[in-house]
**Q** 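I am attaching a structure below and will ask some questions about it afterwards.
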Amino acid sequence: MNAVIQLKLLNKVEELCKQRNVRITPQRLEVLRLIIAQKTNAISAYDLLKLLRKSEPQAKPPTIYRVLDFLIEQGLVHKVESTNSFMLCKYFYDPSHTYAVFICDKCGQVTEKSADNIKNILQNMAKQACFAMSHNVVEAHGFCPQCN
């Protein structure tokens, strides 16, 4: 993603955080910028920590996890459960959206797609099972168009 698009995206995030009355610190913005800059769209917490230490040498694992918790809580970032990595949410302006993540097993590319129809199916299945669903994660592994 080029620098102009990154800057516009970060400005939107700052605006959104002001509307929500939550504090987006320079450190939180930097971690988000590092996530946005990933070529595969996802990065592990420890790889983020290594990158963050270039600008903040004192950063420790709890630092990165606190920032990631905030970014996830605000719906700005998703955790990719099966790879234990983190990616920018393409739909961060709608924190209640349902999404599916497609992970290329060859190159590691991660793609997010809206999946509201899947949410309805899961809610119906949960209702039939008398299950109170708090959240859902839909991930699929396979090959992206370049690797297929």
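If you read the sequence from its start, that first residue is 1, and numbering goes on from there. Nothing here was measured: the structure is a model prediction, and the numbers come from that model.
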**Q** I'd like to check I5 versus I36 (side-chain heavy atoms, cut-off strictly below 4.5 Å). Are they in contact?
**A**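 No. Closest side-chain heavy atoms not under 4.5 Å.
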**Q** Can you check whether V67's main-chain N or O pairs, donor with acceptor, with R28's side chain at less than 3.5 Å?
**A** no
**Q** Can you check side-chain hydrogen bond (donor to acceptor under 3.5 Å, both in side chains) on K106 and N148, steps first, answer last?
**A** CA-CA 9 Å; K106 189 170 183 182; N148 192 4; over 6 Å; no
**Q** Which heavy-atom pair separates N2 from V4 by the least distance, and what is that distance?
**A**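 Looking at all heavy atoms of both residues, the closest pair is OD1-N, 3.0 Å.
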**Q** Among the clusters formed by ILVMFWY side chains lying less than 4.5 Å apart, do Y65 and L48 turn up in the same one?
**A** yes
**Q** Is L122 reachable from V101 through a run of hydrophobic residues whose side-chain heavy atoms are each under 4.5 Å from the next?
**A**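 No, it is not one cluster - the side chains of V101 and L122 are not joined through contacts under 4.5 Å.
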**Q** Should the ring pair H78 and Y99 be called parallel, tilted or perpendicular, given that the plane angle runs from 0 to 90° and is split at 30 and 60?
**A**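 Plane angle under 30°, so parallel.
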**Q** Does a side-chain heavy-atom distance below 4.5 Å link L51 with V31?
**A**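 They are not in side-chain contact.
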**Q** Just wondering, do Q109 and N41 contact through their side chains at under 4.5 Å, heavy atoms?
**A**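 Contact flag for N41/Q109 side chains = yes.
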**Q** Is there a side-chain contact between V22 and C17 (heavy atoms, below 4.5 Å)?
**A** yes
**Q** For the side chain of E139 and the backbone of E81, is there at least one donor-acceptor N/O pair under 3.5 Å apart?
**A** yes
**Q** Between L68 and A45, which heavy-atom pair has the shortest distance, and what is it?
**A**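 Smallest interatomic distance, heavy atoms only, reads CD1-CB, 3.9 Å.
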**Q** Out of curiosity, does L71 fall in the hydrophobic cluster containing Y93 (side-chain heavy atoms, cut-off under 4.5 Å, transitive links)?
**A** no
**Q** My understanding is that only residues two or more places apart in sequence, or in another chain, count here; which of them pass ring-ring contact (aromatic ring centres under 6.0 Å, His included) with H141?
**A** none
**Q** Working to the nearest 0.5 Å, report the span between CD1 of I118 and CE of M125.
**A** 11.5 Å
**Q** Shared ILVMFWY cluster between L76 and M87, side chains joined below 4.5 angstrom?
**A**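 No, because L76 and M87 fall into different hydrophobic clusters, even though each may have its own neighbours under 4.5 Å.
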**Q** Taking all heavy atoms of C89 and all of G75, pick out the closest pair and write down the distance.
**A** CB-O, 3.4 Å
**Q** Would you say the side chain of L88 lies within less than 4.5 Å of the side chain of L9, judging by non-hydrogen atoms?
**A** yes
**Q** Under the ring-ring contact (aromatic ring centres under 6.0 Å, His included) rule, collect the residues that match up with F70, sequence neighbours excluded.
**A**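 Here no residue qualifies.
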**Q** Decide yes or no for F86 and V80: does some side-chain heavy atom of the first lie under 4.5 Å from some side-chain heavy atom of the second?
**A**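 A side-chain contact is absent here, since even the closest heavy-atom pair is not under 4.5 Å.
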**Q** Would you check if the side chain of K90 reaches a backbone N or O of E112 as a donor-acceptor pair within less than 3.5 Å?
**A** yes
**Q** I'd like to know whether K50 forms a salt bridge (Lys or Arg N to Asp or Glu O under 4.0 Å) with D47, so could you lay out the CA-CA distance, the side-chain angles of the two residues, the decisive distance to 0.1 Å, and finally the verdict.
**A** CA-CA 5 Å; K50 281 189 242 175; D47 287 342; 3.4 Å; yes
**Q** For the residue pair S44 and S85, what are the closest heavy atoms and their distance?
**A**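 Shortest heavy-atom contact: N-CB, 4.0 Å.
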**Q** Is it true that I72 and I35 fall in one hydrophobic cluster, defined by side-chain heavy atoms closer than 4.5 Å?
**A** yes
**Q** If you measure from OG1 on T111 to CD1 on I103, what distance do you get to the nearest 0.5 Å?
**A**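 Reported value, rounded in 0.5 Å steps: 9.5 Å.
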**Q** Side-chain contact test, heavy atoms from C-beta onward, threshold under 4.5 Å: evaluate it for Y46 versus P61 and give yes or no.
**A** yes
**Q** How far does CG of N124 sit from CD1 of I121, to the nearest 0.5 angstrom?
**A**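 Interatomic distance, N124 CG to I121 CD1, rounded to 0.5 Å: 8.0 Å.
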**Q** So I24 and L10, do their side chains get closer than 4.5 Å, heavy atoms only?
**A**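 L10 vs I24: side chains apart.
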**Q** Return the CD1 to CD distance between I64 and Q27, rounded to the nearest 0.5 Å.
**A** 7.5 Å
**Q** Can you name the residues that form a ring-ring contact (aromatic ring centres under 6.0 Å, His included) with Y91, not counting sequence neighbours?
**A** H97
**Q** With distance as the sole test, does R20 use its side chain to make a donor-acceptor pair with the main-chain N or O of Q74 at under 3.5 Å?
**A** yes
**Q** Could you measure the distance from the OG1 atom of T63 to the CG atom of L52? Nearest 0.5 Å is fine.
**A** 7.5 Å
**Q** Between F102 and V110, does a side-chain contact (heavy atoms from CB on, under 4.5 Å) hold up when you go through it step by step?
**A** CA-CA 6 Å; F102 298 91; V110 181; over 6 Å; no
**Q** Does M133, at its CE atom, have more than 12 non-hydrogen atoms belonging to other residues, nucleotides or ligands within less than 6.0 Å?
**A** yes
**Q** Hey, which of R53, K54, K60, Q58 is the one that makes side-chain contact (heavy atoms from CB on, under 4.5 Å) with E56?
**A**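 Going through R53, K54, K60, Q58 one by one, the side-chain contact (heavy atoms from CB on, under 4.5 Å) with E56 is satisfied by Q58 alone.
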**Q** Using 0.5 Å steps for rounding, measure from the CD1 atom of I43 to the NZ atom of K39.
**A**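 Going from the CD1 atom of I43 to the NZ atom of K39 covers 11.5 Å.
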**Q** Between R33 and E30, does a salt bridge (Lys or Arg N to Asp or Glu O under 4.0 Å) hold up when you go through it step by step?
**A** CA-CA 5 Å; R33 187 194 67 73; E30 177 60 12; 2.8 Å; yes
